[in-house]
Each structure stands twice: as C-alpha cells, then as structure tokens.
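Shown next, in structure tokens, is the structure this report addresses.
Counting starts at 1 for both ligands and their atoms, following the listed order. Model, not experiment: these values are computed from the prediction.
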Amino acid sequence: MERDIYDEDHEAFRGVVKEFIKRSATDEHRKRWEADGEIDRATMLAAGEAGIIGLSVPEEFGGAGMLQDYRFRAVVLEETIKAGLGSLAGALGIQDDLAVPYLVHMGTQAQKEKWLPGMATGEILGALAMTEPGAGSDLRGIRTTAKKVDGGYLVNGAKTFISSGKTADIVVTFVKTGEGDRPDAFSLLILEDGMAGFDHGKTLQKMGFHGWDTAELSFSDVLVPEENLIGGKEGLGFVQLMMNLPLERLSIGVAAAAAGEAAFDWTRDYVLSREAFGERVADFQNTRFKLADMATTVDVMWTYVDRAMELYADQKLTAEEAAKVKFWTTDREAELLDVGVQLHGGYGYITEYPIARAYLDARVHRIYGGTNEIMRDIVSRKIVGKR
Ligand SMILES: Cc1cc2nc3c(=O)[nH]c(=O)nc-3n(C[C@H](O)[C@H](O)[C@H](O)COP(=O)(O)OP(=O)(O)OC[C@H]3O[C@@H](n4cnc5c(N)ncnc54)[C@H](O)[C@@H]3O)c2cc1C
C-alpha cells in the first residue's frame, strides 16, 4: 500500500542516507563492526558529516534543526534497517532518540552549548542509563545514588544493559537524589567518560546486534558537577524520563515496521530465485499465502506507525498510544521474521543472510524500551482505570 507520509524533502534526505550507506556503511564495514562489537568512531563522524545524526539538534547549536519533523529520523531508521544494518540503526537511534532529546528539550542553556554541537557531528556520543542489575521494569527500584556534596554530586552504583555504554562520551544517568521511591526522589545526571570512579565495565555478549556495544557501567564515588544535573533542578528525573519514552517507543515501532518490510522483501526475493521439486519456492501455495499475509501485515504496520508519527508531530502521542505501538509492532515484527526465516529454509539460519541477523536483532525489541508486558500493563491500566 502506498504511503503518503513523506514529502519531497524527506525523499531527498532518503537519497542522502542511501549515499552514506553506499560509502560508509557497506558490508565490509558491517563485518568489521560485528568483529569489534561496536560501531567505530569514524563511521559516527561520517554520519555527522553526512548530516544524518543529531537531527533534532537546533541550528544554533550546529544541528539540522529537524526537531519538529520526526519523519527524517524515521527515514534514517528505515534505510539502515532495510540495508541489513541493524547495529548502525541502533547506534544512531541511541544518540538521536535516547540522548539528544534530554538536552534539546530539558537541558539548561549551558548544557546545550557544551554538548549539543559535538552531538550533531558525532564527536560526542551519548547513552541513556536507567536499568540496573536489580531493577529494569521497576525503575523506581534503582539503587544508584547521587549524594549532594560541595559543588556537585557523589555518585555510587551500577547500571547494566546500557546500549552504546562502552562507546559513549556522556551518559544520561538515572539516579536517586532523594529518599524513598516518590517520583521526585530521582534525577538525571550527565556522567562524562573519564570522570574518576566511572568505569565502563564489561561489554556484554548478545544474541543479536553484534555490531553495537551494550555495556555494564559502575560508579564509585564519581564526583559530578552540579552543572551536569539535567534541567538544573533536582527531583525531575522520573518526569523527564516519562516525557521522552513515547519517542523511544515510537522509534522502536518504526524500526519494527522497517524490519518487517525488509523481512518481506528479502523473503520474496529469495523464494522467487530458489527452486525445489522443479518449481520456484514462490509458486507453492503455502509460500504465496504466507507472502500475502506478510504483505498485508506490513501495510497495516506502516498505516499504524505513520499515524503514530503524525500524532507525535502534533504532540499528541500519549504514553498509552506509544505503548500500544511498541508492543503491537514488535510482536508483528517477530512473526514476520519468523515466517521469513522459515521460507529461507536452512539459509534462513545462517547469519550471512540478513534475515537471520534481523531475526536475532529483533528479539530484544520486545524486551527493551519497556518490555511488551509492561506496555500491555500501561495500556490496560488506562482501560480499567487502575493507577
Ligand atoms: C540489548 C539490550 C539493550 C538495552 N539498552 C538499554 C539502555 O540503553 N538503557 C537502559 O537503561 N536499559 C537498557 N536495556 C534494559 C531493558 O530496558 C530492560 O532489560 C527491560 O526494561 C527489562 O528489565 P529487566 O531486564 O530488569 O527485566 P525484569 O524487569 O526483571 O522483567 C523480567 C520479566 O518479568 C516481566 N515483568 C516485570 N514486571 C512486570 C509486571 N508488572 N507485570 C507483568 N510482567 C512483568 C517482564 O516483562 C519480563 O518478562 C537494554 C536491554 C538489552 C537486552
């Protein structure tokens, strides 16, 4: 089904992203990232040079100023995922959807001036650290503390599963600045690479996304200056996280729809060229029916995701709507990739094939950004009026 969410500016930008991929994100690059377990800095700088990172950084801080138009971000996600570059899509997403927004929307003027220009060029990479070994879904159960001392905060604790946690220069870190678990007991602090007592710890070995680092972080008496408190005021952290979660979940929805579409494209191409019993695999009725189901699911996914993008543009994408988009699209993504792998036969299990890599990458879409159970919890509480 034809989509009409993009105009000619977005299509021109799509050309820029495609050109960047042809030049700086080839299969060679991908293999290197996977061997190294991370995207190299040169690639992120090339992304900055091409203008496809830090999209929402305002022009006055050296960015493209695409704050009001999320569709450019969606184009980056679509093109990188459809090119089989899930790890690159993820690394760019962390910067643009999980790190930059906290500064653009909630940072003080000084914080914006200090970090945003570098974030638009790829010289400064960010990450977001909420999850801890003992607290993921239950964010208010975190134990990392930031104790007020002269001139700043003394941070102690540990985080885990932090995407881009090894490569990040700055980490937006969710900490406890107060007692108990009331929303105002939490704050967001920027921890900088190289601060004494801040250790990037172990890089975790994952099922998928092999070219994108996920790390443990630990903090031992890290002295963080007061100026690094996001928004310049204590006790706002929980609300700040809640404000940005719809964007994070929308992006996971876009990524899921793009991976679903890619699964369809890769599978259609494969079954058209593969033969068994003297005919194309595509000619078996089972295959044709599966392709019909896949094509229809992809259409419905995009129709839904495109509508969510429109709502986001109008600042009307609520927490519940974003949660619905996140769990529904990632569940469909999993089904599409599973069918795609099956129709590839044995080759579907071989990671040289993009369908196999995408299948492995996609598994975490139902876990991070809030698990799909937590998404259903958010949606169902609203339905029944449970606080
Ligand atoms: C590759 C990867 C990258 C990640 N990147 C980041 C990152 O950049 N930053 C970051 O902060 N975190 C990140 N995470 C962490 C991720 O967001 C958490 O793993 C996720 O929120 C789940 O938390 P948990 O692992 O503690 O699971 P738990 O909260 O322990 O959940 C375990 C199970 O219980 C279920 N469950 C929990 N509570 C409920 C409930 N109330 N009702 C029903 N079921 C429930 C869950 O759905 C899940 O199935 C990442 C994780 C991975 C694997």
Side-chain angles (χ1 to χ4, degrees), residues 34 37-39 86-102 125-144 157-176 181 186-191 200-219 230 237-238 240-242 244-245 247-249 251-252 255-256 322-323 326-327 330-331 334 357-384 386-387:
E34 287 173 2
E38 64 187 61
I39 311 279
S87 291
L88 179 64
L92 294 172
I94 287 292
Q95 179 85 338
D96 275 44
D97 304 328
L98 273 77
V100 164
Y102 289 99
L125 298 178
L128 174 67
M130 302 174 283
T131 309
E132 301 192 351
S137 303
D138 181 14
L139 271 182
R140 293 198 210 182
I142 64 156
R143 294 202 176 152
T144 297
K159 298 285 176 185
T160 193
F161 306 139
I162 306 308
S163 301
S164 304
K166 178 172 171 240
T167 41
D169 303 290
I170 60 169
V171 180
V172 177
T173 310
F174 188 55
V175 294
K176 277 193 87 163
D181 68 354
F186 304 93
S187 300
L188 289 173
L189 270 181
I190 295 201
L191 270 74
H200 286 264
K202 200 169 76 185
T203 304
L204 300 165
Q205 300 299 313
K206 304 189 293 294
M207 181 191 287
F209 284 126
H210 292 143
W212 179 25
D213 58 297
T214 305
E216 291 176 340
L217 306 177
S218 69
F219 321 115
I230 293 208
F238 197 78
Q240 289 168 330
L241 279 187
M242 295 306 124
N244 197 54
L245 280 173
L247 170 63
E248 181 179 345
R249 291 171 183 160
S251 281
I252 295 174
K326 196 268 178 183
F327 85 71
T330 55
D331 283 354
R357 296 196 303 273
Y359 177 86
L360 295 170
D361 292 348
R363 187 61 188 88
V364 81
H365 280 164
R366 287 182 281 158
I367 297 172
Y368 68 22
T371 66
N372 282 10
E373 291 74 31
I374 294 296
M375 297 304 99
R376 287 180 167 88
D377 194 52
I378 292 170
V379 174
S380 61
R381 276 172 189 269
K382 180 79 176 174
I383 294 170
V384 304
K386 183 174 186 317
R387 280 171 57 91

Worksheet item: Who pairs with Ser163 by side chain to side chain donor-acceptor pair (under 3.5 Å), at least two apart in sequence or on another chain?
Response: none
Item to complete: Quick one: list whatever passes salt bridge (charged side-chain N to carboxylate O under 4.0 Å, His left out) with Asp97, sequence neighbours left out.
Response: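 Applying salt bridge (charged side-chain N to carboxylate O under 4.0 Å, His left out) to Asp97 gives Arg73.
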Worksheet entry | Stepwise side-chain contact (heavy atoms from CB on, under 4.5 Å) test for Leu241 and Leu188 | CA-CA 8 Å; Leu241 279 187; Leu188 289 173; 4.1 Å; yes
Worksheet item: Pick one: which of Phe186, Tyr102, Phe219 meets ring-ring contact (aromatic ring centres under 6.0 Å, His included) with Phe174?
Response: Phe186
Worksheet item: Taking the six-membered ring for Trp, is the centroid-to-centroid distance between Phe161 and Tyr368 below 6.0 Å?
Response: no
If you look only at distance, which donor and acceptor atoms sit under 3.5 Å apart when one is on a side chain in residues 132-139 and the other is two or more places apart or in another chain?
residue: Glu132; atom: OE1; partner: Arg143; partner atom: N; Å: 2.6
residue: Glu132; atom: OE2; partner: Thr144; partner atom: N; Å: 3.1
residue: Glu132; atom: OE2; partner: Thr144; partner atom: OG1; Å: 2.7
residue: Glu132; atom: OE2; partner: Lys159; partner atom: NZ; Å: 2.8

Could you go through ligand 1 and list every pair where one of its N or O atoms sits under 3.5 Å from a protein N or O, giving the atom names and the distance to one decimal?
residue: ligand 1; atom: 5 (N); partner: Phe161; partner atom: O; Å: 2.8
residue: ligand 1; atom: 5 (N); partner: Ser163; partner atom: OG; Å: 2.7
residue: ligand 1; atom: 8 (O); partner: Ser163; partner atom: N; Å: 3.0
residue: ligand 1; atom: 8 (O); partner: Ser163; partner atom: OG; Å: 3.3
residue: ligand 1; atom: 9 (N); partner: Leu128; partner atom: O; Å: 2.8
residue: ligand 1; atom: 11 (O); partner: Met130; partner atom: N; Å: 2.8
residue: ligand 1; atom: 11 (O); partner: Thr131; partner atom: N; Å: 2.9
residue: ligand 1; atom: 11 (O); partner: Thr131; partner atom: OG1; Å: 3.1
residue: ligand 1; atom: 12 (N); partner: Thr131; partner atom: OG1; Å: 2.7
residue: ligand 1; atom: 14 (N); partner: Phe161; partner atom: O; Å: 3.3
residue: ligand 1; atom: 23 (O); partner: Ser137; partner atom: N; Å: 3.4
residue: ligand 1; atom: 26 (O); partner: Gly136; partner atom: N; Å: 3.3
residue: ligand 1; atom: 29 (O); partner: Ser137; partner atom: N; Å: 3.1
residue: ligand 1; atom: 29 (O); partner: Ser137; partner atom: OG; Å: 2.6
residue: ligand 1; atom: 47 (O); partner: Thr371; partner atom: OG1; Å: 2.7
residue: ligand 1; atom: 47 (O); partner: Glu373; partner atom: OE1; Å: 2.7

